[in-house]
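Please read the structure below before turning to the comments.
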Amino acid sequence: MIATVDPLYAHGVTLAVLLIVLIKVVVAFALLLNAVIVMIWFERKAISDMQSRIGPQRWGPFGLLQTMADGLKLMLKEDLIPAEADRFVFKLAPFLALIPGFITFAIVPVGGTLTIAGHPVLLQVANPPMGILLMLAMSGISVYGVMLAGWSSGSKYPLLSSVRASAQMISYEASLGLAVVMVVLVTGSLSTHDIVTAQANGIWHWNVIRLGVIPFVIFLISITAELNRPPFDVVEAESELVGGFHTEYSSFRFAIFYLAEFMNTITMSAIMVTLFFGGPAGWVPNVPHLRWVFPILWFFVKTVVFAFSYVWFRAALPRFRYDQLMDLGWKKLIPLSLGWLIVVAGFLIAPAWGFAMGAVVLLAWTMLTRAFEIGTTRERGAEAVLPVIGARPLPPEVLREITDEGNV
Amino acid sequence: MIATAYSLGAVAVFVTSAVLIIVGALGVIAVKNPVHAAMSLIMTLFGVAVAFVAQSADFLAAVQIIVYAGAIVVLFLFVIMFLGVDRREGVRVEPLVGQRPLAATGVGIVVLGLVALMARSHWVTGAMSVSTKGAPLATGSGNVSQLGTAVFTTYLYAFEATAALLVIAVVGAIVLARREHSLDEESA
């Protein structure tokens, strides 16, 4: 069943194969946890540089051990459970937020293929036939961590936050999925290994260029919204919702949420590299015995670039308002990704079809824009304002002027 | 009962998924708190996904999680939280007279029918695919394209009809839910 996908299982599952899988799992786990520690430090340092501050500096060289100190502090704090809380769900929710990040990382190809003791080993924990769909499934599951944490706290603001989270994450999942579909369409396979090998022959084969940048932009925006990272962090908007869904969490459970957020950031950076930037693809110098190191280095460098871009977003962009966020998702990203998907499909058949589909999409886009315009005018037109203003002596001309109806 | 054709691993996977499905399903009806019931439902859906993987229907397994666990149950929870029905409901009250005996009879008939179907033929198990005219499903990533070909050729009309139905449902929901602020209220 698995044999057709992973060459490691081609000759049956022996003890050596089992051992290799175990080592892969442990290494990936340790790698990810350490990456989170470095990522938290990196984010705090980079943000403070951008804000002309110094940032963490007390523990270790350049404050590198600050995260360890914070983690230790959180573990030693008192663990509170609110009286109104649903105890079981309250304890379960942090883990629901954490686990999807781990599982998603399992399908990311970190490097090429190694041969260990005669066994070909893919440098990724698993290469299931459902491939990239696993990432979509896990991003669907990660909603529950936030949602149930907010609900089970038995408190107002976390509940509001979890309602926001569920609506936001469901909305952006659609455009996220469509961006992934475009990648799958040009690759012709769901498996992450195939997606990466299809991009291996130079920079012009990377999906970001092959698909014309737009899918990458859609994916980047959607994944930022899925992660609830700034500028889409309305879920934990501290000026409106105290601390958001984890207001009532303290001690180690809070640490798990913190860990989960950063782990998801790293995993999604890695997924983005895999889908659009060739994963471990890159220039490999002819060094004997060490050729396998360079793909891993390339992968690492690319992932760090995206991790940095998240930090940059956080420093540079103000938070979206909730309705703006929904408008962006439903009225812009979903139609755009659907249209681009049709164009990509057209070009895969023949250039003529591609241009025809492009024309169709342009027409549809114009009609959609017009429809949104009419809808907005109807909502904000003179008649919408009349019942609110009621019997006040405002002449109709003034009304028309303040509601922009005359301009349309 | 278990035929020799099944390996120990396959049986273990089946038993695990069956336990997940049944415990989850019982939880949905037995648990009093609606949010806990929704979580039991997620467990059932995961069990079904495991069963799909065991049948090498990987695409269906993924879609099961993405669509049902990732979207539909989230919307259930959304509604539960929004309407604030996350309190214990009085289950002793019977709003419709005779509802329970009728429901029990209906469930009995459906279960008996399913058992009869399974006893008489084996298409329920999905061992043979209709689209491949009796040939076994391809394993690995091959059966995704098999499924896609079947959906977009053999079952195209059914597929398009479902799509149209869903679009109509969405439009209908918006028409019902949307409140017009403009001319309608004044003329009414």
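Just so it is clear: chains get the letters A, B, ... in the order the sequence lines come, proteins before strands, and each one is counted from 1. These figures come from a predicted structure and were not determined experimentally.
Heavy atoms from other residues, nucleotides or ligands lying under 6.0 Å from OH of B:Y68 number 12 at most. Within a 6.0 Å radius of CZ in A:F102, other residues, nucleotides and ligands contribute more than 12 heavy atoms. Around atom CZ of A:F372, more than 12 heavy atoms belonging to other residues, nucleotides or ligands sit under 6.0 Å away.
Between A:M147 and B:F78, the shortest heavy-atom contact is CE-N, 3.6 Å. Between B:A62 and A:A137 the shortest heavy-atom distance is O-CB, 4.4 Å.
Using a 4.5 Å cut-off between non-hydrogen atoms, the part of residues 169-177 of chain A that approaches chain B consists of A:I170, A:E173.
Counting heavy-atom pairs closer than 4.5 Å to chain A, the top residue among B:I42, B:I65, B:V74 is B:V74.
With a 4.5 Å cut-off on non-hydrogen atoms, B:A49 does not touch chain A at all. Heavy-atom distances place the side chain of A:V143, and not its backbone, under 4.5 Å from chain B. Residue contact with chain A, scored on non-hydrogen atoms closer than 4.5 Å, is absent for B:V67. Residue A:L92 touches chain B through its side chain alone, counting heavy-atom pairs closer than 4.5 Å.
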Donor-acceptor list for residues 10-18 of chain B side chains, cut-off 3.5 Å, not counting sequence neighbours:
{"from": "B:T16", "atom 1": "OG1", "to": "B:A12", "atom 2": "O", "distance (Å)": "2.6"}
{"from": "B:S17", "atom 1": "OG", "to": "B:V13", "atom 2": "O", "distance (Å)": "3.4"}
{"from": "B:S17", "atom 1": "OG", "to": "B:F14", "atom 2": "O", "distance (Å)": "2.9"}

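Side-chain contact between A:I141 and B:F46 is present, with at least one heavy-atom pair separated by less than 4.5 Å.
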Between B:L77 and A:Y144, does the side-chain contact (heavy atoms from CB on, under 4.5 Å) criterion hold? Intermediate values first, please. CA-CA 9 Å; B:L77 281 174; A:Y144 287 113; 3.6 Å; yes
Using the side-chain contact (heavy atoms from CB on, under 4.5 Å) rule, take A:D86 and B:V35 through it: C-alpha gap first, then chi angles, then the decisive distance, then the call. CA-CA 10 Å; A:D86 186 311; B:V35 173; 6.0 Å; no
